[in-house]
Visitor: 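Below: one structure in structure tokens.
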Amino acid sequence: MQLHLNHPPEPHSAPRLAAAIVEAAADISEVELDYSPGSIDVVEDIVDGFRTDGVTGEEMAESLVSFGCYVGEILARHAGGTWHVAAGASPAFPLSVRLPGEREYHPIDWVFQRLERGAGISIRGLYAQAVSGGSSTADRAHG
């Protein structure tokens, strides 16, 4: 998958990708993304809209990566996480958020999975599991 991001998908760029999608969501959808855990519901709604429109992960890759960085920023800010190059991740999505205790989570993958599988993947639920110290089915293959 070829990505055309304004910032490379690297740990130091993730906050900038998140900020860019906050601005884009305000401009395009007139929604406010405020980096609160509750705003994950807005991300799910937007991704569900993409799904309803029948777009693919390939077609929306840049937006999905940016929304994943936004969710990752929520995880980093509210749970003490830091961005890292993910161990064993595909080259297109090399980012993960590492929480205290060396627990690694993949919010970019969460967003792509929500598009692919719909409400069967709860980004909010995956976030809650990460914050509570649990592992998720979506992350077991990566960690």
Visitor: Nearest 0.5 angstrom please: Leu17 CG to Ile21 CD1, how far?
Guide: 9.0 Å
Visitor: How far does CH2 of Trp110 sit from OH of Tyr105, to the nearest 0.5 angstrom?
Guide: 7.5 Å
Visitor: What ring pair (Phe, Tyr, Trp, His ring centres under 6.0 Å) pairs are there with at least one residue in residues 46-68, not counting sequence neighbours?
Guide: none
Visitor: For a quick test of reading the model, state the closest non-hydrogen atom pair linking Arg51 to Glu116 and the distance between them.
Guide: NH1-O, 2.7 Å
Visitor: Distance from Asp45 atom CG to Ile40 atom CD1, nearest 0.5 Å?
Guide: 12.0 Å
Visitor: In Å, rounded to the nearest 0.5 Å, how long is the span from OG1 of Thr56 to CG of Leu64?
Guide: 9.0 Å
Visitor: Measure from the side-chain N and O atoms of Arg103 to the backbone N and O of Ala130, and report whether any donor-acceptor pair falls under 3.5 Å.
Guide: yes
Visitor: Which atom pair, heavy atoms only, marks the closest approach of Pro107 to Gly68?
Guide: CB-O, 3.5 Å
Visitor: Using the side-chain contact (heavy atoms from CB on, under 4.5 Å) criterion, which residues pair with Val85? Sequence neighbours excluded.
Guide: Pro11, Pro94
Visitor: Look up atom CZ in Arg117 and atom CG in Leu115, then write down how far apart they are to the nearest 0.5 Å.
Guide: 12.0 Å
Visitor: Roughly how far, to the nearest 0.5 Å, is CG of Asp109 from CD1 of Ile123?
Guide: 11.0 Å
Visitor: I'd like to know if the side chain of Glu44 and the backbone of Arg124 have a donor-acceptor N/O pair within less than 3.5 Å.
Guide: yes
Visitor: Specify the closest pair of heavy atoms between Leu33 and Val22, including all atoms of both residues, with the distance to one decimal.
Guide: O-CG1, 3.5 Å
Visitor: Can you give me the closest heavy-atom contact between Gln113 and Ile121, atom names plus distance?
Guide: OE1-CD1, 3.7 Å
Visitor: Counting only pairs under 3.5 Å, give me each side-chain donor-acceptor contact of residues 70-82, with atom names and distances, residues two or more places apart or in other chains.
Guide:
from: Tyr70; atom 1: OH; to: Asp34; atom 2: N; distance (Å): 3.3
from: Tyr70; atom 1: OH; to: Tyr35; atom 2: N; distance (Å): 2.8
from: Tyr70; atom 1: OH; to: Ser39; atom 2: OG; distance (Å): 2.4
from: Glu73; atom 1: OE1; to: Arg77; atom 2: NE; distance (Å): 3.2
from: Glu73; atom 1: OE2; to: Trp83; atom 2: NE1; distance (Å): 2.7
from: His78; atom 1: NE2; to: Tyr35; atom 2: O; distance (Å): 2.7
from: Thr82; atom 1: OG1; to: His84; atom 2: NE2; distance (Å): 2.7

Visitor: Are side-chain heavy atoms of Cys69 and Leu95 found at a separation under 4.5 Å?
Guide: yes
